[in-house]
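Below you'll find the structure, written out as structure tokens, and then a few comments.
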Number of protein chains: 4
Amino acid sequence: MTETTMLPDIQSQIDDRGVELDRVGISGLYYPLTIREKGGGQQTVTACVALNVGLAEQQRGAHLSNLVEALHRYREAAFDLDDLVGFVRDVRRNQDRRGYTFEKAEICIRFKYFLPRAAPSSGTVALVPYDCGFDVALNGQGFKSIVVGVPIATVCPCSLAISDFGAHNQRANVIVQLWQCLDDQHFLWFENIIDAVESCASSQVHSVLKRRDEKEVTERMFRAPRFVEDVVRDVVVSLRHDLNDVRYNVRCESLESIHAHNAYAEASGVC
Amino acid sequence: MTETTMLPDIQSQIDDRGVELDRVGISGLYYPLTIREKGGGQQTVTACVALNVGLAEQQRGAHLSNLVEALHRYREAAFDLDDLVGFVRDVRRNQDRRGYTFEKAEICIRFKYFLPRAAPSSGTVALVPYDCGFDVALNGQGFKSIVVGVPIATVCPCSLAISDFGAHNQRANVIVQLWQCLDDQHFLWFENIIDAVESCASSQVHSVLKRRDEKEVTERMFRAPRFVEDVVRDVVVSLRHDLNDVRYNVRCESLESIHAHNAYAEASGVC
Amino acid sequence: MTETTMLPDIQSQIDDRGVELDRVGISGLYYPLTIREKGGGQQTVTACVALNVGLAEQQRGAHLSNLVEALHRYREAAFDLDDLVGFVRDVRRNQDRRGYTFEKAEICIRFKYFLPRAAPSSGTVALVPYDCGFDVALNGQGFKSIVVGVPIATVCPCSLAISDFGAHNQRANVIVQLWQCLDDQHFLWFENIIDAVESCASSQVHSVLKRRDEKEVTERMFRAPRFVEDVVRDVVVSLRHDLNDVRYNVRCESLESIHAHNAYAEASGVC
Amino acid sequence: MTETTMLPDIQSQIDDRGVELDRVGISGLYYPLTIREKGGGQQTVTACVALNVGLAEQQRGAHLSNLVEALHRYREAAFDLDDLVGFVRDVRRNQDRRGYTFEKAEICIRFKYFLPRAAPSSGTVALVPYDCGFDVALNGQGFKSIVVGVPIATVCPCSLAISDFGAHNQRANVIVQLWQCLDDQHFLWFENIIDAVESCASSQVHSVLKRRDEKEVTERMFRAPRFVEDVVRDVVVSLRHDLNDVRYNVRCESLESIHAHNAYAEASGVC
């Protein structure tokens with residue numbers, strides 16, 4: 001029995017409502033994937049995936065099982081952002097088998113990505129988790145994009161300046177998303193962007209700090225007080241220095257130690 | 001003692017990094033607010049608030065305490081979206097006291113909003129929660145916006161057509177965001193948008209259903225099977241019929257009963 | 001037509017699997033409720049409710065719509081923990097109409113509860129949110145219980161002692177749950193427990209701090225360094241001093257500024 | 001320089017508050033770990049870890065960096081629950097170096113664990129994510145424990161019986177936790193418990209279903225209607241049949257398609 005001849009294909013019915021859909025697909029799909037690391041290794045991650053195609057006015061529905069089948073085959077190889085562009089091109093081509101043209105296809109994946117970090121004095125190494133991801137959109141001009149979420153520590157410059165001793169400080173999260181043209185040859189590694197962000201913080205965070213490390217980190221962060229405004233601006237200055245023809249969005253949200261709410265800053269632009 | 005003369009004002013320092021910030025402010029602030037209802041009443045909600053101003057290149061930081069103080073005063077009165085536009089204008093004006101021009105100011109608030117829903121046969125009434133919100137941006141042309149999140153039930157048309165009996169169905173969430181010009185005179189009530197969305201579902205959801213209601217809801221939803229694609233398109237058709245000069249984004253995500261992941265559809269446009 | 005005669009009642013079928021259920025009911029139900037405040041006022045909150053009954057071996061199912069109907073009627077009046085005990089007793093009695101004995105009935109509600117907090121120097125008042133709740137269980141001996149979640153700031157005593165200047169500090173969350181016998185006459189107010197917790201912190205948090213307040217809060221917290229271990233122990237000492245015949249669980253989780261993970265401490269006992 | 005001689009050791013100070021702590025440690029630590037699979041393979045997961053020791057009355061604090069260092073070393077090898085018992089024993093022993101006796105040590109880890117599932121008609125294979133975890137407590141008698149979270153589909157027996165056609169159905173989550181004595185020789189595999197739970201559902205869920213699979217799954221689930229009460233009881237009956245001397249807790253929460261809230265059932269016992 002061939003499936004398409006025996007069972008009605010409701011998704012392929014003609015739709016006359018005159019509404020094109022920007023995205024039709026699946027979301028909240030967890031899948032193990034393997035990411036190429038800058039150093040040449042690879043890392044197995046637990047990714048949350050959204051995978052969508054555009055849908056022309058006249059087609060009622062998309063066959064979503066094809067999207068998951070494609071991802072399942074793809075998971076076997078380690079990949080980077082440029083490989084993922086190829087994957088999304090395949091997805092678009094394969095959805096197209098009934099004569100409908102899917103001009104759009106998009107993937108958005110997010111995962112914890114781990115990097116080893118050495119404590120500054122003892123040199124003890126442990127892993128720090130970063131909230132990373134890739135976005136690819138084939139959609140008009142299209143783009144490829146990486147996103148990194150970097151936990152940092154911030155010491156408040158105002159509190160430090162006005163107080164006789166001490167200053168409030170806290171964990172903050174910096175999110176940097178960078179968009180490139182699909183054929184941009186300059187490869188962006190998570191590792192480089194994460195390093196750049198950490199150098200803009202009062203201090204990077206660590207997973208292990210022995211006492212002499214804690215002393216060094218404490219003193220270091222009090223020598224480098226930063227508002228969320230400062231962190232965002234320093235990251236933008238750093239990106240402008242290092243990159244070309246890249247659109248950026250930089251956000252910093254600090255879990256203020258003296259408030260139950262957060263402080264927030266954001267900047268966007270092209271460098 | 002006047003505060004500004006005695007303590008250094010780090011935020012007012014001149015900044016020379018050449019980076020304008022799109023948003024500086026507070027996020028994740030929970031506050032009780034009072035919303036005007038369409039019927040003339042009012043409803044106290046627990047809102048999550050983000051309140052930001054733009055920051056010119058040359059100013060180092062914003063005084064965030066002013067933002068929370070403004071919100072605290074504002075919480076005393078019941079408000080609707082147009083009142084909120086007035087509030088954001090006040091915030092922008094008040095941040096502007098040191099000669100810096102804050103062209104941008106934005107608020108984003110989200111809360112559970114409750115409407116009574118009668119069961120279809122017994123008439124038993126209970127409240128259903130909707131994830132609603134307001135966005136206002138003074139920023140270039142600016143906009144005012146409402147968002148509604150509406151839980152619905154969807155019966156799969158494919159499953160219904162191909163199976164000898166039954167069909168998979170599930171809870172789905174529809175999110176509709178509508179943007180208007182700041183001076184648009186046509187007032188958009190949550191209640192109207194929610195009604196419109198519910199009429200596009202296989203069935204609306206209820207908080208109380210007696211057995212005879214459950215029978216009626218079950219049969220009703222099997223008479224109105226809908227893909228997420230159908231729900232989004234029907235909502236768009238309904239919005240296009242009712243509204244003018246409004247930008248819309250409509251999303252539907254269904255918690256597929258036969259999968260651990262979701263089905264998703266989205267459309268955007270202007271009606 | 002009376003519902004029970006015309007439609008089959010599947011829930012009332014005899015079950016022969018020999019498995020008694022500890023809890024059957026509804027969860028994740030959002031409802032607006034009104035809580036009595038210590039000062040004599042009342043506060044409308046958005047509560048997340050779980051409401052369950054026990055189910056005897058021989059009954060197949062519970063009629064869950066009754067639970068929501070009961071809550072809907074109950075929401076009209078302001079209540080405190082002792083009123084809620086009465087509500088749960090009513091729920092149990094009303095489920096019992098077909099001759100089955102529901103010995104167990106439980107409610108668990110959680111909500112943001114707001115208290116005004118004055119900044120220490122300027123006296124500026126704003127609201128701080130606390131994650132509060134009530135649990136009642138009629139179940140053998142049964143209990144009534146309140147829970148408070150209190151955001152605080154903690155300065156690390158180790159970092160302060162070993163560093164030449166500064167110390168890492170962060171937001172932390174303290175959760176205190178207290179269980180009493182159902183007929184305990186000593187009434188426990190959220191307000192009192194929250195005050196007790198805040199007095200054990202390096203500093204309480206505020207929603208508005210002017211610059212001179214920020215100076216005072218910073219210096220205050222550096223005079224009162226606290227590990228999570230210290231916070232938990234101080235809260236326990238305070239509870240033991242104030243309460244009698246109350247079972248407690250005290251937890252503190254600090255969002256370490258120098259780590260991406262949290263520090264945690266917990267103690268339980270009876271005072 | 002040896003760290004302990006040069007820097008003050010605040011954590012090792014004598015505490016005179018008379019409060020023993022049940023748990024002191026770290027929480028919310030994400031780490032990549034490698035789990036042994038039943039089939040002989042291994043799986044790299046992204047785990048969220050809480051690792052705690054008990055703290056005697058007289059000691060002020062615990063040295064948390066040791067806990068993370070131990071985990072970092074441990075991550076290099078694939079492990080199962082019995083290996084994890086060995087790890088926690090090592091952690092307890094190593095914290096004990098200053099003459100304090102840590103009688104208690106506990107670990108709690110949670111992660112997405114993936115199993116291949118074949119569609120019933122086409123045989124197409126894709127991965128389904130399960131929310132799994134291990135708990136080990138050395139604490140008095142102590143225990144070792146596995147937890148599985150299994151997404152399933154449930155068709156409502158009441159809706160099916162009272163409606164002329166159709167029935168509401170939805171995704172539900174079943175959580176089974178099993179506790180054994182530390183020296184219990186009967187090894188519990190995630191795979192077996194997950195299979196047992198899926199056989200108690202109206203249907204298991206899949207990540208890929210072709211149309212003929214969707215037909216089969218739909219019809220299958222309408223032949224096997226289940227309340228949350230039924231699912232929990234069937235799982236308990238299955239556990240009682242298969243296991244000995246194991247304490248269980250079984251919960252089922254269904255994301256009701258006709259409500260915005262969930263239905264819930266729970267049972268506990270020893271088999």
Side-chain angles (χ1 to χ4, degrees), chain A residues 1-12 26 28-34 42-49 63-73 75 111-114 116-117 119 121-122 124-131 151 171 206-216, chain D residues 1-12 26 28-34 42-49 63-73 75 111-114 116-117 119 121-122 124-131 151 171 206-216:
Chain A
M1 160 174 122
T2 58
E3 175 174 295
T4 47
T5 54
M6 304 296 291
L7 294 173
D9 183 353
I10 308 296
Q11 280 89 349
S12 294
I26 51 114
L29 176 70
Y30 287 90
Y31 237 76
L33 296 173
T34 305
Q42 56 188 56
Q43 185 166 145
T44 300
V45 302
T46 296
C48 186
V49 179
H63 290 91
L64 305 184
S65 64
N66 297 338
L67 300 176
V68 183
E69 279 184 282
L71 187 72
H72 183 69
R73 284 189 304 268
R75 82 179 219 289
F111 46 85
K112 299 272 180 200
Y113 186 75
F114 294 90
R117 291 301 189 213
S121 175
S122 70
T124 313
V125 171
L127 303 179
V128 171
Y130 300 92
D131 289 309
R171 193 191 303 161
H206 294 81
S207 290
V208 170
L209 292 171
K210 310 306 293 180
R211 247 174 308 149
R212 54 186 158 137
D213 302 311
E214 186 171 350
K215 171 182 166 65
E216 188 156 328
Chain D
M1 158 174 125
T2 57
E3 177 174 296
T4 47
T5 53
M6 303 298 291
L7 294 173
D9 183 352
I10 307 297
Q11 281 88 347
S12 294
I26 51 113
L29 175 71
Y30 286 89
Y31 236 75
L33 296 174
T34 305
Q42 56 188 59
Q43 186 167 144
T44 300
V45 303
T46 297
C48 185
V49 179
H63 290 91
L64 306 184
S65 64
N66 296 338
L67 301 176
V68 183
E69 281 184 281
L71 187 72
H72 183 69
R73 283 190 304 268
R75 84 179 218 289
F111 45 86
K112 300 272 180 200
Y113 185 75
F114 294 90
R117 291 301 188 213
S121 175
S122 70
T124 314
V125 171
L127 303 179
V128 170
Y130 301 92
D131 290 309
R171 194 190 302 161
H206 293 83
S207 290
V208 170
L209 293 171
K210 309 308 291 180
R211 246 174 310 147
R212 55 185 157 140
D213 302 312
E214 186 170 351
K215 172 183 165 64
E216 188 157 327

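Note on naming: letters A, B, ... go to the chains in the order of the sequence lines (proteins, then strands), and numbering restarts at 1 for each one.
When the shell of 6.0 Å around OH of Y130(A) is examined, it contains more than 12 heavy atoms from other residues, nucleotides or ligands.
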Report the C-alpha distance between H72(D) and V208(A) in whole Å, list the side-chain angles of each, state the deciding distance to 0.1 Å, and finish with yes or no for side-chain contact (heavy atoms from CB on, under 4.5 Å).
CA-CA 9 Å; H72(D) 183 69; V208(A) 170; 5.8 Å; no

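The contact between R75(D) and chain A is made entirely by side chain atoms (from C-beta outward), counting heavy-atom distances below 4.5 Å. Contact of L127(A) with chain D is made through backbone and side chain together, with heavy-atom distances under 4.5 Å. Interface residue T124(D): only side-chain heavy atoms are found under 4.5 Å from chain A. Neither the backbone nor the side chain of I26(D) comes within less than 4.5 Å of any heavy atom of chain A. At a 4.5 Å heavy-atom cutoff, the contact between F114(D) and chain A is made by side-chain atoms alone. Interface remark: P129(D) contributes side-chain atoms only to the contact with chain A (heavy atom separation under 4.5 Å). Both the backbone and the side chain of S207(A) come within contact range of chain D, judged by heavy atoms closer than 4.5 Å.
Closest non-hydrogen pair, S65(A) versus K210(D), comes out as OG-NZ, 3.1 Å. Here the closest non-hydrogen pair linking K215(D) and L7(A) is CD-CD2, 3.9 Å.
Top candidate by heavy-atom pairs under 4.5 Å with chain A, chosen from L71(D), T46(D), V45(D), is T46(D). The candidate from Q43(D), Q11(D), E69(D) with the greatest count of non-hydrogen atom pairs under 4.5 Å with chain A is E69(D).
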